[in-house]
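Presented below is the structure to which this report refers.
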2 protein chains.
Amino acid sequence: MKLNTTSQYAIRIVTFIVQNGANNKYTAKDISEKLSIPYKYMTKIMTLLVDGGIISSSRGREGGYSIEKELAIIKIGDILEAVKENLHQEKCVIGNGSCNKREKCILHDKWITAKKAMQEIFENTTLEDMIIR
Amino acid sequence: MKLNTTSQYAIRIVTFIVQNGANNKYTAKDISEKLSIPYKYMTKIMTLLVDGGIISSSRGREGGYSIEKELAIIKIGDILEAVKENLHQEKCVIGNGSCNKREKCILHDKWITAKKAMQEIFENTTLEDMIIR
DNA sequence: TTCAAACACTACTTAAAGGTAGAATTTAAA
DNA sequence: TTTAAATTCTACCTTTAAGTAGTGTTTGAA
Ligand code: SF4
Ligand code: SF4
C-alpha cells in the first residue's frame, strides 16, 4: 500500500525546496546529494515537475531550480499529478466491478473513509501548509 | 496509491469463495473464469493462499479449493500477509527519515489518521464480516 | 486398474518501474 | 569570446511484477 518511488521522491524534493526557502536556487547536484536520490533519476523527475508547472528552472551557469508560484496554491495532489501518479483510481481494491449503489459489501463505508482521508491530504494540503517553522 | 495486483486478486478470490459458500469446493478453472483472472497466474496465488493457511485444497478428481477455518478468525490482513504484501511500511510517504517525535510536519496527524483507517480495515475485518446476506 | 480431472512445481517470457550513460543545449562569469 | 557549470534530451540497462508454458503428482469415478 504505497505511492510509487517517483512520487515519493517528488514530494520529498518539493518539500526540501519549500523548507529551505522556495525562492532560492538549488542545483540538481545539491538536491540529489542532500536527499540521497540518484542524480540522473532525480533530474528526470525535475523535468516532470518543471513541465507540470510546480518547479521553475533556469539553465546555464548560476542556474538551478526554485519555486516561484505562491506556495498556498500548490497542492500535494498537483505534485503527484505532475509525475503522473494515478490519483483517481475508480475501482476499490476489493472491487470486482459487480458492486454498485444498491449492493455494497460491509467494507464499503470503512473503505470510503480511508480513501477520503488520503484524498483529503492530497487535495487540501498546500506547500504553504508544509513549512515547519 | 494501491495494493499490487496479486493482493487485489487474492482478496477478490477469497471474497468470491466466502460469498458463494466457504465450505463448497471450487476448481481453479471455475474461479479464474468467474473472476476473469488468468488461470496460471491464479493457481500461483492459490498456492500462496494454501501455504498461508487461508485456503484448503484437495487434489485429484473432485478436488478443488475451499475454506474450512472459522470465517470469523481470518482477517483481510492475513490474506495480504499470505501473498507477501508489505503491510507494515515504516516510513511515511513523505518521510525523509529526518522527522521524529520532536519534529513533525503538519501532515503528520492527517497522515496517521489515513494510515490507521487503512490498517483498521486490514486488521479488524474478518471474512465473516464480508458476507453480503 | 485405468485414466481423466484436478492441484503443484519449475522454468520461462513480457511489461513496467527504477535507474544509468552520454551528448546537447543554455547561460553567465572570467 | 571562451569555458565551465548548469539543465535537458535521447537512449539504454537492470530489477521486479505480471503473466505464460509445460510437466509432474494426486485422486476418485468408471
Ligand atoms: S461495496 Fe464498496 S468496498 Fe465493497 S467491493 Fe464494492 S466498492 Fe469495494
Ligand atoms: S512528520 Fe510524519 S507525516 Fe511528516 S514526513 Fe515525518 S512521518 Fe511523514
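All chains are named by letter (A, B, ...) in the order of the sequence lines, taking the proteins before the strands, and each is independently numbered beginning at 1. Note that the structure is predicted; figures quoted are calculated from it, not measured.
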Specify the separation, in whole Å, of atom [atom1] of [X] and atom [atom2] of [N].
{"X": "A:I45", "N": "D:dC9", "atom1": "CD1", "atom2": "P", "result": "16 Å"}
{"X": "B:I55", "N": "C:dA8", "atom1": "CD1", "atom2": "C1'", "result": "15 Å"}
{"X": "A:K84", "N": "C:dG18", "atom1": "NZ", "atom2": "C1'", "result": "16 Å"}
{"X": "A:D51", "N": "D:dT7", "atom1": "CG", "atom2": "P", "result": "15 Å"}
{"X": "B:E85", "N": "D:dA18", "atom1": "CD", "atom2": "C1'", "result": "14 Å"}
{"X": "A:L48", "N": "D:dT7", "atom1": "CG", "atom2": "P", "result": "15 Å"}

Rounded to the nearest 0.5 Å, how far does [atom2] of [Y] lie from [atom1] of [X]?
{"X": "B:D30", "Y": "B:N20", "atom1": "CG", "atom2": "CG", "value": "9.0 Å"}
{"X": "A:E85", "Y": "A:I11", "atom1": "CD", "atom2": "CD1", "value": "8.5 Å"}
{"X": "A:Y26", "Y": "A:S57", "atom1": "OH", "atom2": "OG", "value": "15.5 Å"}

Polar side chain donor-acceptor pair, B:T5 to B:Y41, under 3.5 angstrom: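 No - no donor-acceptor pair under 3.5 Å links their side chains.
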| Residue pair A:Y65 / A:S58, side-chain donor-acceptor N/O under 3.5 Å |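 Their side chains do not contain a donor-acceptor pair, so the 3.5 Å distance test is not met.
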Identify the heavy atoms of [X] and [Y] that sit nearest to each other, and give their distance.
{"X": "B:T126", "Y": "B:L71", "value": "CB-O, 3.7 Å"}
{"X": "A:T27", "Y": "A:G63", "value": "CG2-O, 4.1 Å"}
{"X": "A:K25", "Y": "A:G64", "value": "CD-N, 4.2 Å"}

Non-neighbouring partners of A:K29 that pass salt bridge (Lys or Arg N to Asp or Glu O under 4.0 Å), sequence neighbours left out
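By the salt bridge (Lys or Arg N to Asp or Glu O under 4.0 Å) rule, A:K29 matches A:E33.
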Please state whether the phosphate of C:dG18, meaning OP1 or OP2, lies under 4.0 angstrom from any side-chain nitrogen or oxygen of A:T6.
->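 Checking C:dG18 against A:T6, a side-chain N or O does come within under 4.0 Å of OP1 or OP2.
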Please tell me if A:S57 has a side-chain N or O lying less than 4.0 Å from either OP1 or OP2 of D:dA6.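 Checking A:S57 against D:dA6: no side-chain N or O falls below 4.0 Å of OP1 or OP2.
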Letter by letter from the 5' end, nucleotides 19-30 of chain D scores (B base, S sugar-phosphate only, - none; protein heavy atoms under 4.0 Å) BBBBB-BBBB--
Residues from residues 20-30 of chain A sitting under 4.0 Å of DNA chain C, heavy atoms only?
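Contacts with DNA chain C under 4.0 Å: none.
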Start at the 5' end of DNA chain D and walk down; is the nucleotide closest to A:G63 or to A:T47 reached first?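 Checking each residue's closest nucleotide, the 5'-ward one belongs to A:G63.
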